[in-house]
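It should be emphasised that the depicted structure is a prediction, and the values quoted were computed from it without experimental measurement.
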Amino acid sequence: MKVTQFGPSRGAVCLRLLLAVSLLTTIAPAGCAIESEPGLYPVASRVIEGYPDISRGPWGDPSVSGVVLPEGPAILAGGSLLALNGTRLEEQVRFSSEYQAITAAERSWILPRELQPWDGAIFMVREVSEDIGQDGNTDTHRELVLVDITGDGMATEVLLEAPRIDEVLVVPGDDSATVMVVTSGDDELSGWQRWLSTLRITPGGLREMASEQVDYHLSLLVADSPDGATIGALISPTQIDKGQHDHELRVLGPDGSLRWAASVPGIGLIGAYRDSGEYGWLVDTTTMPGPDEWDRELTLLTEISAERFELDHGAHWFIATGDLDAGSLGDEILMMRDPLVEPGRWEPSLIVGTLADGRVEELHTVAEWDQRVRGVTLADINGDGLTDIVVVVDTEPHVYKSAYLGRVEVFLNSGDGFGPPLVSPVYDTITSLDLIDLDGDGVLEVLLAYVEHPEEADGGRTSYVDVLKVKQGPR
């Protein structure tokens, strides 16, 4: 049984806690007393339109994004723009079937996306199929569309088209927005190709676009810097010779202009990093000297220098950077030790570290689990100015190989470290997460997209979006 909408009564909220997730493993006590305990509590739920009875489809996994429009905060899920009204998710706009919210990343790693609206408009993907020839064949491509919703209807502008749109990063500015898009497609002569396009949009529409072919796109990130928003792009340009592992880190301004670039043998961009007034970007420069051997290393790149930091323990991998220690003068590194303890079973632990004297040093362990971690992101959840940690973690495997039972855990930063997590109910196959303040109280709500699998292996599957509120304990 699935409750898709309910009224504002206390009994309805209790019913949501009991029935919203078909495989919920923790049952709320009589009277719904569990609401008085700190945790993450679902307050609204709705079927994601555009994903009926499927867990994966032409659009990939169902995704959810929080967007702030001139009329207020809203939720973009599937083909619908939703608003939270009390304990109901009400549809404000239903897009035609060829429009969808931009697809989330693979469910193996669940993160919010930098996909902000600009000048009152939102970015969506439109799938276009055209008949070719006389034999009924169709040609399908996708378009990145800027959608401006007004009281009189909807105005659209096609920004670019490609066989596939893999990633979109939006950096709003005062008088323009920079949009970086990763696209790919299969060329009959050259085979599979990937492109990185940089667009500049003004109130008058698309003004500039530059594209280049890349061998392998690695990372696109945006961060605040002393000079405003800064974009970091770690890519592998096509001119790199086969067998050469150097990539190019490009640091761009909010208008997309190149500030500086550096060549680095990187395998991933971790994030911007402040260290006692110095500002740069951290790149994972780990190497493999032999089979199943890892030399873990980070490189801090600035416009004028490159400094390497080694890590003794090879089982670590790096996640993000941020101010995770209120007493420090710079940023810290969030990393994970994820050893394989037996075939198919890992025991991950989340660790805060720092850089010192050419080494990556561990400061303290935030949490440990006996199941896989599916996603980690940083945000100030409760508006106290401190950086908190949000984790999506499995609780146990589902009966289907591609489905997992999981939950969200929020670790609030007290200024002296991280305490026990605020925990959500257990969900069936979480596919997307985002964070947004929907009610203006300064505390971010958690948005989840997930797929509910039936008990019968051949039954239909349905996708949902839930809004979870944070219930804090005493400070």
Side-chain angles (χ1 to χ4, degrees), residues 109-112 114 218-226 230 232 234 247 249 251 262 264-287 294-302 305-339 348-369 373-381 385-393 409-418 421:
W109 195 243
I110 302 163
L111 290 173
E114 294 289 346
L218 290 174
S219 309
L220 286 177
L221 294 174
V222 62
D224 291 326
S225 76
T230 305
L234 185 66
H247 304 282
L249 172 67
V251 178
V264 60
I267 64 172
L269 184 60
I270 308 304
Y273 189 83
R274 295 178 298 111
D275 182 16
S276 301
E278 187 177 25
Y279 185 88
W281 287 83
L282 270 182
V283 177
D284 187 345
T285 49
T286 296
T287 58
W294 296 88
D295 287 344
R296 292 291 182 186
E297 181 185 81
L298 286 174
T299 299
L300 178 60
L301 290 166
T302 69
S305 66
E307 185 176 2
R308 295 187 175 183
F309 299 85
E310 297 178 351
L311 178 67
D312 291 333
H313 308 289
H316 286 66
W317 52 289
F318 308 107
I319 299 173
T321 59
D323 186 3
L324 299 169
D325 184 348
S328 71
L329 298 178
D331 288 335
E332 285 71 45
I333 308 158
L334 191 63
M335 52 191 179
M336 184 170 292
R337 186 188 298 119
D338 195 16
S349 54
L350 199 60
I351 299 164
V352 174
T354 189
L355 304 179
D357 300 323
R359 312 293 300 176
V360 181
E361 297 182 355
E362 295 185 9
L363 295 178
H364 55 267
T365 298
V366 177
E368 299 176 333
W369 297 273
V373 169
R374 297 273 161 189
V376 181
T377 192
L378 303 179
D380 181 6
I381 296 293
L386 301 175
T387 303
D388 308 310
I389 304 173
V390 182
V391 181
V392 179
V393 61
E409 299 185 5
V410 172
F411 296 86
L412 296 179
N413 190 341
S414 67
D416 296 321
F418 297 89

Item to complete: For Ser349, enumerate each residue passing the side-chain contact (heavy atoms from CB on, under 4.5 Å) test, keeping only those at least two apart in sequence or located in another chain.
Response: Arg337, Ile351, Thr365, Glu368
Discussion item. Is there a side-chain contact between Leu350 and Ile319 in this structure, where contact means two heavy atoms from C-beta onward sitting under 4.5 Å apart?
Written reply: yes
Discussion item. For His364 and Phe418, take the angle between the two ring planes, folded into 0 to 90°, and tell me which bin it lands in: parallel under 30, tilted 30 to 60, perpendicular over 60.
Written reply: tilted
Item to complete: Applying side-chain hydrogen bond (donor to acceptor under 3.5 Å, both in side chains), name anything that partners Asp380, two or more places apart in sequence or on another chain.
Response: none
Worksheet entry | Closest approach of Ala306 to Leu301 (non-hydrogen atoms, all atoms of both residues) | CB-CD2, 3.4 Å
Worksheet item: Just how far is it from atom OG1 of Thr302 to atom CD of Glu307, taken to the nearest 0.5 Å?
Response: 9.0 Å
Discussion item. Checking the side chain of Thr321 only, and the main-chain atoms of Ala272 only, is there a donor and an acceptor separated by less than 3.5 Å?
Written reply: yes
Discussion item. Test of understanding: with side-chain contact (heavy atoms from CB on, under 4.5 Å), list the residues that count as partners of Thr387, not counting sequence neighbours.
Written reply: Asp323, Leu324, Leu378
Discussion item. Run the side-chain contact (heavy atoms from CB on, under 4.5 Å) test against Leu355 and tell me which residues pass, sequence neighbours left out.
Written reply: Tyr273, Leu282, Leu298, Phe309, Ile333, Val360
Worksheet item: What heavy-atom pair brings Leu329 and Arg274 nearest, and what distance separates the two atoms?
Response: O-NH1, 3.9 Å
Fill in: Inter-residue atom distance Leu363.CG - Met335.CE, 0.5 Å rounding
7.5 Å
Item to complete: Before giving the answer on side chain to side chain contact (heavy atoms under 4.5 Å, CB included), spell out for Phe318 and Thr286 the whole-Å C-alpha distance, their side-chain angles and the decisive distance to 0.1 Å.
Response: CA-CA 10 Å; Phe318 308 107; Thr286 296; 4.2 Å; yes
Worksheet entry | Thr230: partners by side-chain hydrogen bond (donor to acceptor under 3.5 Å, both in side chains), with sequence neighbours left out | Ser225, Arg259
Worksheet item: What pair of heavy atoms forms the shortest contact from Ala326 to Leu386, and how long is it?
Response: CB-CD2, 4.1 Å
Fill in: Side-chain donor or acceptor of Asn413 paired with backbone N/O of Asp388 under 3.5 Å
no
Fill in: Trp281 to Ala223 - nearest heavy-atom pair and separation
CH2-CB, 4.0 Å
Discussion item. Between Glu332 (side chain only) and Asp325 (backbone N and O only), is there a donor and an acceptor less than 3.5 Å apart?
Written reply: yes
Worksheet item: Looking at CG of Leu234 and CD1 of Ile270, how far apart are the two atoms once the value is rounded to the nearest 0.5 Å?
Response: 9.5 Å
Practice prompt. Indicate the atoms forming the closest heavy-atom contact of Pro265 with Arg308, along with that distance.
Written response: CG-NH2, 4.1 Å
Worksheet item: Do any N or O atoms from the side chain of Asp284 and from the backbone of Ile267 form a donor-acceptor pair under 3.5 angstrom?
Response: no
Worksheet item: In chain order, what residues pass the side-chain contact (heavy atoms from CB on, under 4.5 Å) check against Glu361, with sequence neighbours excluded?
Response: Thr354, Ala356, Arg359
Practice prompt. Scan side-chain atoms only and decide if Ser414 and Asp416 contain a donor-acceptor pair under the 3.5 Å cut-off.
Written response: no
